[in-house]
There are 2 protein chains.
Amino acid sequence: MNVEKLSSKLTEKGLKVTPQRIAVLEAVMQLHNHPTVDNIIEYIRVNHPNIATATVYKVLDALVQNQLIKKVKTSQDIMRYDAIVEKHHHIYSSDSERIEDYIDEDLNNLLTAYFAQKSIPGFEIEDVNLHIIGKFKSTDNS
Amino acid sequence: MNVEKLSSKLTEKGLKVTPQRIAVLEAVMQLHNHPTVDNIIEYIRVNHPNIATATVYKVLDALVQNQLIKKVKTSQDIMRYDAIVEKHHHIYSSDSERIEDYIDEDLNNLLTAYFAQKSIPGFEIEDVNLHIIGKFKSTDNS
DNA sequence: TTTTAAATGAGAATGATTCTCATTAAATAA
DNA sequence: TTATTTAATGAGAATCATTCTCATTTAAAA
């Protein structure tokens, strides 16, 4: 995604367009493996060596607030981020920190239908997503 | 759950039975709201004022390793724990840190059936659980 | 342009978690 | 039961991710 498109995403949300915000947004989009803040900073500093750590954190917060990216829930105390806004689920490795996206329209439909029919008393559902835990069999990356 | 039962849970896993481990296990079981480590320490120190912070962390790790409790995935950088071992899902408040358990046998069956029929290439599923995000309507606690 | 309000940078501060290591205690063997 | 062994605990320091502060800079509006 080019700078113009990234800029317009920010503008659409009423956010000021700054080089730092472009860089962070681009980084989260390029780093497909649900990057940590460290991953993001490392990526950005190649082309943008002076960006402050606190700036990256503040930009990430702003992007999350405006739903341009999402936080990924983990069982660790470091935060990870996700640039995919399309409805999807996550596959978690049980023997590494690998997290993959899982897009499955049938599953979405199944869950939507299920909760259309079965509501939870005292609770208004806004979103549901499945966490799939297991082991990646292949050899390439884990 | 009494001390004998808690002890035998530890023994079954090959863990030494210590007053600290009993106390931590009991705390996580008593505190039903997916407590933070701080919640747990505060609870324990009432009857056990000298337990060290590091001990609580170490005991929690040991209990998680031995599957007597579970870590709860969150979008925050503090860890929360869950003493329920029964298969269940989680309801997350979108406007507070409240997390509730969601037990639904029909949903379990639906998901099991779905993934019995539809496998994920290169991945061996060990567990799936649903995260339900939304708003609690009631007034009591949120 | 000028103004204004917001974003950034640098480093200090915070706070959850981990580490270290001497001491203590649980489980096992005698 | 007592001695032995091995692991767990306590205390506080250390670490590390994240947040805060505030002076400076910059984007966008006037």
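Just so it is clear, the values below take in all heavy atoms, side chains as well, and ignore hydrogens, waters and symmetry mates. Quick note on labels: first sequence line is chain A, next is B, and so on, each numbered from 1.
Rounded to 10 degrees, the angle separating the terminal axes of the helix from dT1(C)-dA30(D) to dA30(C)-dT1(D) is 40°, with each axis obtained from five end pairs.
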For this session: Starting at the 5' end of nucleotides 22-30 of chain C, put B wherever the base has a protein heavy atom under 4.0 Å, S where only the sugar-phosphate does, and a dash everywhere else.
Result: ----BS---

Exercise. How does protein contact run along nucleotides 14-21 of chain D, one letter per nucleotide 5' to 3', with B for base contact, S for sugar-phosphate only, - for none, heavy atoms under 4.0 Å?
Worked result: ---SBBBB

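Between Gln76(A) atom CD and dA16(C) atom P the separation is 18 Å, expressed in whole Å. Following rounding to the nearest Å, His48(B) (NE2) and dA8(D) (P) show an atom-to-atom distance of 16 Å. What separates CD1 of Ile22(B) from P of dA8(D) is a distance of 14 Å, to the nearest Å. Rounded to an integer number of Å, the gap from CG of Leu25(A) to P of dA7(C) is 15 Å. Separating the CZ atom of Arg21(A) from the P atom of dA6(C) is a distance of 11 Å, rounded to the nearest angstrom. Rounding to whole angstrom units, CD1 of residue Ile44(A) and P of dG9(C) are separated by 10 Å. Note: CG (Leu10(B)) to C1' (dT9(D)) measures 15 Å, nearest angstrom.
Membership of an apolar cluster is not assigned to Ile78(A), as no side-chain contact below 4.5 Å to another ILVMFWY residue is traced. Summarising the hydrophobic clusters (Ile, Leu, Val, Met, Phe, Trp, Tyr; side-chain heavy atoms under 4.5 Å, direct or chained), the residues clustered with Ile103(A) are none. Residue Ile133(A) shares its hydrophobic cluster (ILVMFWY side chains chained together at separations under 4.5 Å) with Val72(A), Tyr92(A), Ile99(A). Summarising the hydrophobic clusters (Ile, Leu, Val, Met, Phe, Trp, Tyr; side-chain heavy atoms under 4.5 Å, direct or chained), the residues clustered with Ile84(B) are none.
Across dT9(D), dG10(D), dA10(C), the shortest atom-to-atom separation from the side chain of Val59(B) is found for dT9(D).
Using a 4.5 Å heavy-atom cutoff, the side chains of Asp77(A) and Met79(B) are in contact.
Asn47(B) pairs by the side-chain hydrogen bond (donor to acceptor under 3.5 Å, both in side chains) definition with nothing, not counting sequence neighbours. Residues meeting the side-chain hydrogen bond (donor to acceptor under 3.5 Å, both in side chains) test with Lys16(B), sequence neighbours left out: none. A search for side-chain hydrogen bond (donor to acceptor under 3.5 Å, both in side chains) contacts involving His88(B) returns Asp82(B), His90(B), Asp101(B), not counting sequence neighbours. The side-chain hydrogen bond (donor to acceptor under 3.5 Å, both in side chains) test applied to Tyr102(A) returns Asp104(A), not counting sequence neighbours. Taking the side chain to side chain contact (heavy atoms under 4.5 Å, CB included) definition, one finds that Val17(B) meets it with Ser7(B), Leu10(B), Thr11(B), Ile22(B), sequence neighbours left out.
Applying the 4.0 Å criterion to OP1 and OP2 of dG10(D), one finds that Gln20(B) has a side-chain N or O inside that range.
Between Thr55(A) and Gln20(A), the side chains place no donor N or O within less than 3.5 Å of an acceptor N or O (distance only, hydrogens not considered).
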